Amino acid sequence: MLQPVSDAGPGPESAGRVESALLPLELKGIGFRHRGQPLLQGVDLRIGGRGKTIVMGPNGAGKSLLMRICHGLLTPTEGELVWRGPRGGRAEERRRRQAMVFQRPVMLRRSALANVTFALAAQGYRRRQRRERAMAALTRFGLAPLARRPARVLSGGEQQRLALARAWALEPEVLFLDEPTAALDPAATKAVEEAVAGFDRRGTRIVMTTHDLGQARRLADEVVFICGGRLLERTPVADFFERPRSPEARAFTRGELVW
Ligand SMILES: Nc1ncnc2c1ncn2[C@@H]1O[C@H](COP(=O)(O)OP(=O)(O)OP(=O)(O)O)[C@@H](O)[C@H]1O
């Protein structure tokens with residue numbers, strides 16, 4: 001369970017983010033080809049301000065590709081991706097101020113605590129600060145009793161909470177989550193959803209993929225719908241479910257679109 005503590009985080013930046021350093025993020029004509037095959041094409045998208053964007057679409061639509069391109073893990077083969085905020089031009093700042101949570105958490109062969117302090121060390125935090133910050137984040141996510149346990153022996157749900165705690169400690173301006181609850185049971189899913197809401201309250205911009213329509217309704221402010229490598233619509237969440245514009249999104253929300 002998440003701890004009923006303030007979402008005001010451990011650091012001075014945390015009482016609601018006032019200024020963006022990186023945002024807005026602008027994608028212009030983004031495409032990704034593999035062996036000549038277009039897997040993403042002509043994606044134009046501007047992500048600014050606050051809120052939670054949920055990226056939806058059928059299997060193989062290109063959602064994960066888009067998330068990895070946004071996070072900087074993959075270089076697009078076409079188009080331009082620009083962080084337009086005042087510090088968005090610096091690679092070091094782009095690396096430091098955004099985080100990503102994957103469907104299967106990526107954990108180092110170290111304790112839960114060391115997984116968080118390692119990430120903080122990589123971002124230049126001093127040893128003393130690291131421990132305090134890491135313990136505060138583990139406590140926030142109900143993981144303090146497991147701090148010394150090897151991260152890789154934690155259950156799937158615990159590892160996902162640890163991935164979120166690690167991101168929480170870093171206080172990212174933007175958090176990308178790629179199907180973070182796909183492998184989790186309902187209780188662990190609820191914990192992740194509460195965590196996402198907590199990040200949002202703290203001012204972190206959320207961009208997340210999910211296949212769970214109920215989860216999208218609960219969490220999204222807006223939906224970006226991708227199908228066949230193209231961005232077909234971007235709609236406030238209520239409109240997406242009540243009045244999807246594209247025939248593909250209509251079929252998808254009815255559970256009829258397989259790919
Ligand atoms: N690095 C890569 N190189 C080449 N092809 C890739 C790469 N990553 C993904 N693909 C291919 O791109 C297509 C889109 O994959 P992606 O993982 O983005 O889909 P998705 O919308 O996230 O699907 P799912 O809902 O099934 O997770 C797939 O056909 C996949 O095989």
Side-chain angles (χ1 to χ4, degrees), residues 25-47 52-81 94-95 98-107 156-157 159-160 163-164 167 174-186 188-189 192-193 196 205-235 237 240-241 244-259:
L25 170 64
E26 209 166 283
L27 276 62
K28 283 192 197 163
I30 289 291
F32 188 85
R33 274 174 193 273
H34 180 68
R35 296 187 173 164
Q37 222 194 338
L39 301 173
L40 269 183
Q41 290 183 78
V43 175
D44 294 318
L45 183 64
R46 190 174 196 274
I47 294 169
K52 300 183 271 2
T53 299
I54 302 289
V55 180
M56 302 201 86
N59 287 136
K63 305 178 296 293
S64 297
L65 273 176
L66 181 65
M67 299 287 279
R68 281 183 279 153
I69 286 172
C70 287
H71 187 50
L73 293 174
L74 265 184
T75 307
T77 54
E78 288 145 40
E80 201 190 357
L81 179 149
R94 290 199 298 275
R95 200 181 55 75
Q98 44 150 336
M100 185 153 173
V101 169
F102 300 88
Q103 178 180 338
R104 290 191 199 86
V106 184
M107 291 297 152
Q159 286 197 33
Q160 198 56 298
L164 288 159
V174 190
L175 178 62
F176 297 102
L177 304 106
D178 193 6
E179 292 183 46
T181 61
L184 302 185
D185 72 17
T189 296
V192 171
E193 290 185 12
V196 170
R205 184 69 169 84
I206 300 291
V207 185
M208 169 172 158
T209 69
T210 181
H211 286 117
D212 181 338
L213 300 183
Q215 182 171 72
R217 279 180 197 270
R218 286 190 293 278
L219 286 180
D221 295 309
E222 62 169 8
V223 173
V224 163
F225 181 70
I226 300 200
C227 191
R230 294 182 181 275
L231 194 160
L232 295 190
E233 61 181 286
R234 178 187 201 173
T235 324
V237 64
F240 180 76
F241 286 105
R245 286 197 297 266
S246 58
E248 290 87 347
R250 223 169 295 140
F252 179 79
T253 54
R254 289 198 211 111
E256 292 165 3
L257 188 64
V258 183
W259 54 69

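Everything numeric here is computed off the predicted structure, so don't read it as measured data. Atoms within each ligand, like the ligands themselves, are counted from 1 in listed order. In this chain, numbering begins with 1 at the start of the sequence shown.
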Q) For Phe240 and Thr235, which heavy atoms make the closest approach, and how far apart are they? A) N-CG2, 3.7 Å
What are the atom names and distances for all N or O pairs under 3.5 Å between ligand 1 and the protein?
from, atom 1, to, atom 2, distance (Å)
ligand 1, 8 (N), Arg68, NH2, 3.4
ligand 1, 18 (O), Ser64, N, 3.3
ligand 1, 18 (O), Leu65, N, 2.9
ligand 1, 19 (O), Gly62, N, 3.4
ligand 1, 21 (O), Ala61, N, 3.0
ligand 1, 21 (O), Gly62, N, 2.9
ligand 1, 21 (O), Lys63, N, 2.9
ligand 1, 21 (O), Lys63, NZ, 2.8
ligand 1, 22 (O), Ser64, N, 3.0
ligand 1, 22 (O), Ser64, OG, 2.8
ligand 1, 23 (O), Gly60, N, 2.8
ligand 1, 25 (O), Asn59, ND2, 3.1
ligand 1, 25 (O), Lys63, NZ, 2.7
ligand 1, 25 (O), His211, NE2, 2.7
ligand 1, 26 (O), Asn59, ND2, 2.9
ligand 1, 26 (O), Gly60, N, 3.4
ligand 1, 27 (O), Glu179, OE2, 3.1

Q. Between the main-chain N or O of Lys52 and the side-chain N or O of Asp221, is there a donor-acceptor pair closer than 3.5 Å?
A. yes
Q) If you measure only the distance, is there a donor-acceptor pair under 3.5 Å linking the side chains of Thr53 and Glu222? A) yes
**Q.** Test applied, side chain to side chain contact (heavy atoms under 4.5 Å, CB included); reference residue, Met100; option that passes from Leu175, Leu73, Val207
**A.** Leu73
Q: In sequence, state the C-alpha distance, the side-chain angles, and the governing distance for Gln215 and Thr181, and then conclude on side chain to side chain donor-acceptor pair (under 3.5 Å).
A: CA-CA 10 Å; Gln215 182 171 72; Thr181 61; 3.2 Å; yes
Q: Return yes if some donor-acceptor pair links the side-chain N/O of Arg250 with the main-chain N/O of Arg245 below 3.5 Å, else return no.
A: yes
